[in-house]
Amino acid sequence: MTVQPTRYDRAMLDVMNREEPRSWHARRGQRRVWTVAHMALTVATPAAFPLAGENAVLLIALVVPLVLAWCVCTGVLNSSTRGLLELRARVLDERQLAERGRVHTVAHRAQTGLMAAGLGGLGLAHLVTDGGVDPLAPAAVLVGLLLTHWLLPLWTAALRAQDEPTADEEPAGTTAG
């Protein structure tokens, strides 16, 4: 039994396929810049907490613009993949479902390497410092691993996305006439 798309599914499909933001991410280089910016904002946001210390006003002044910029980057990356990871499976075609599976596979393999590196780094730091590792280091590594586990599929999908055709190029399979 095939489940029909809901009104929410159709609305999200429309949002993810809007034409207005296409010029922001139509080319591979643009998607790379957005992805790197998203990665930098993802690192900078939690780093603002210890930087601000006890100063709540400074924390808000740092975090609010970072989160707003991060949300814009997330939207651009989701748009660049046409909602590949955000849309429900019932509104994706077979090609998109296969690409979603490939993205998750690549991200999972990369995440496994990152987990090994993070845990190995903690172990090495423990050995080198004779157990004098900062008590917050494991928590920082865990937060970093959780963030990459959550966001690596989006970054992978954005980097793997195909370039959008330009206005003077015809989509594949169409004929002039």
Side-chain angles (χ1 to χ4, degrees), residues 1-49 62-115 117-118 142-176:
M1 179 173 131
T2 304
V3 179
Q4 294 298 315
T6 64
R7 184 173 45 199
Y8 172 80
D9 293 330
R10 289 188 297 276
M12 287 303 295
L13 187 63
D14 289 343
V15 166
M16 294 296 172
N17 287 287
R18 293 183 63 148
E19 292 301 318
E20 293 86 352
R22 294 280 170 239
S23 64
W24 291 12
H25 56 72
R27 298 286 166 235
R28 183 176 309 272
Q30 292 171 305
R31 289 189 301 277
R32 285 181 181 158
V33 168
W34 282 105
T35 303
V36 168
H38 195 261
M39 290 175 178
L41 290 165
T42 300
V43 170
T45 302
F49 286 84
L62 291 172
V63 170
V64 169
L66 288 169
V67 169
L68 291 174
W70 184 88
C71 289
V72 170
C73 283
T74 302
V76 171
L77 294 179
N78 279 326
S79 177
S80 75
T81 66
R82 295 189 178 264
L84 185 71
L85 301 171
E86 296 301 317
L87 297 173
R88 295 178 183 167
R90 63 178 155 229
V91 296
L92 300 177
D93 61 28
E94 294 83 13
R95 180 194 55 78
Q96 291 167 315
L97 289 171
E99 179 61 17
R100 180 191 276 187
R102 284 188 293 272
V103 162
H104 280 290
T105 299
V106 170
H108 175 76
R109 289 177 182 159
Q111 182 65 29
T112 301
L114 289 171
M115 285 179 13
L142 180 61
V143 167
L145 290 173
L146 287 172
L147 284 171
T148 56
H149 176 74
W150 174 41
L151 294 170
L152 200 55
L154 176 61
W155 298 336
T156 303
L159 294 173
R160 288 176 52 96
Q162 297 296 313
D163 284 354
E164 296 282 335
T166 60
D168 53 317
E169 294 176 1
E170 286 186 27
T174 62
T175 57

Taking side-chain contact (heavy atoms from CB on, under 4.5 Å) as the definition, give me every residue that meets it alongside Leu147, ordered by chain and number, with sequence neighbours left out. Thr42, Pro46, Val143, Trp150
Taking everything shown except Glu19 itself, do over 12 heavy atoms lie less than 6.0 Å from its CD? yes
Between Val103 and Pro153, the two heavy atoms sitting closest are CG1-O, 3.2 Å
Given the rule in the side chain to side chain contact (heavy atoms under 4.5 Å, CB included) test, do His38 and Val76 qualify, once you have shown the distances and angles that lead to the verdict? CA-CA 10 Å; His38 195 261; Val76 171; over 6 Å; no
What residue pairs, at least two apart or across chains, pass side-chain hydrogen bond (donor to acceptor under 3.5 Å, both in side chains) with a residue in residues 104-115? Gln111-Thr148
Separation between OG1 (Thr74) and CH2 (Trp34), nearest 0.5 Å, reads 10.5 Å
Rounded to the nearest 0.5 Å, how far apart are CZ of Arg88 and OG1 of Thr6? 4.5 Å
Determine the minimum heavy-atom distance between Leu41 and Cys73, stating which atoms define it. CD1-SG, 3.8 Å
Closest heavy-atom pair, Ala44 versus Leu66, reported as atoms and distance to 0.1 Å, is O-CD1, 3.8 Å
Of all the heavy-atom pairs spanning Arg28 and Asp163, show the shortest one and how long it is. N-OD1, 2.9 Å
Tell me if the CD atom of Glu20 is crowded by more than 12 foreign heavy atoms within 6.0 Å. yes
Side chain to side chain contact (heavy atoms under 4.5 Å, CB included) between Asn17 and Arg22, intermediate numbers included: CA-CA 9 Å; Asn17 287 287; Arg22 294 280 170 239; 4.0 Å; yes
Output for pair (Leu85 CG, Glu99 CD), nearest 0.5 Å, gives 9.0 Å
If you compare all heavy atoms of Arg100 against all heavy atoms of Leu92, which two are closest, and at what distance to 0.1 Å? NH2-CD1, 3.1 Å
Between OG on residue Ser79 and CZ on residue Arg31, distance to nearest 0.5 Å: 11.0 Å
Step through the shown structure and confirm whether more than 12 heavy atoms of other residues, nucleotides or ligands are within 6.0 Å of CH2 on Trp24. no
Which pair of heavy atoms, one from Ala157 and one from Leu84, lies closest together, and at what distance? CB-CD2, 4.2 Å
Residues that Val106 engages under side-chain contact (heavy atoms from CB on, under 4.5 Å), provided they are two or more places apart: Thr156, Arg160
Quick one: are Leu68 and Val72 in side-chain contact, heavy atoms under 4.5 Å? no
Got a second to check how far His25's NE2 is from Thr35's OG1, nearest 0.5 Å? 11.0 Å
Output, in order, the C-alpha distance, side-chain angles, deciding distance and verdict of side chain to side chain contact (heavy atoms under 4.5 Å, CB included) for Leu77 and Thr81. CA-CA 7 Å; Leu77 294 179; Thr81 66; 5.9 Å; no
How long is the span from the CE atom in Met16 to the CZ atom in Arg82, to the nearest 0.5 Å? 12.0 Å
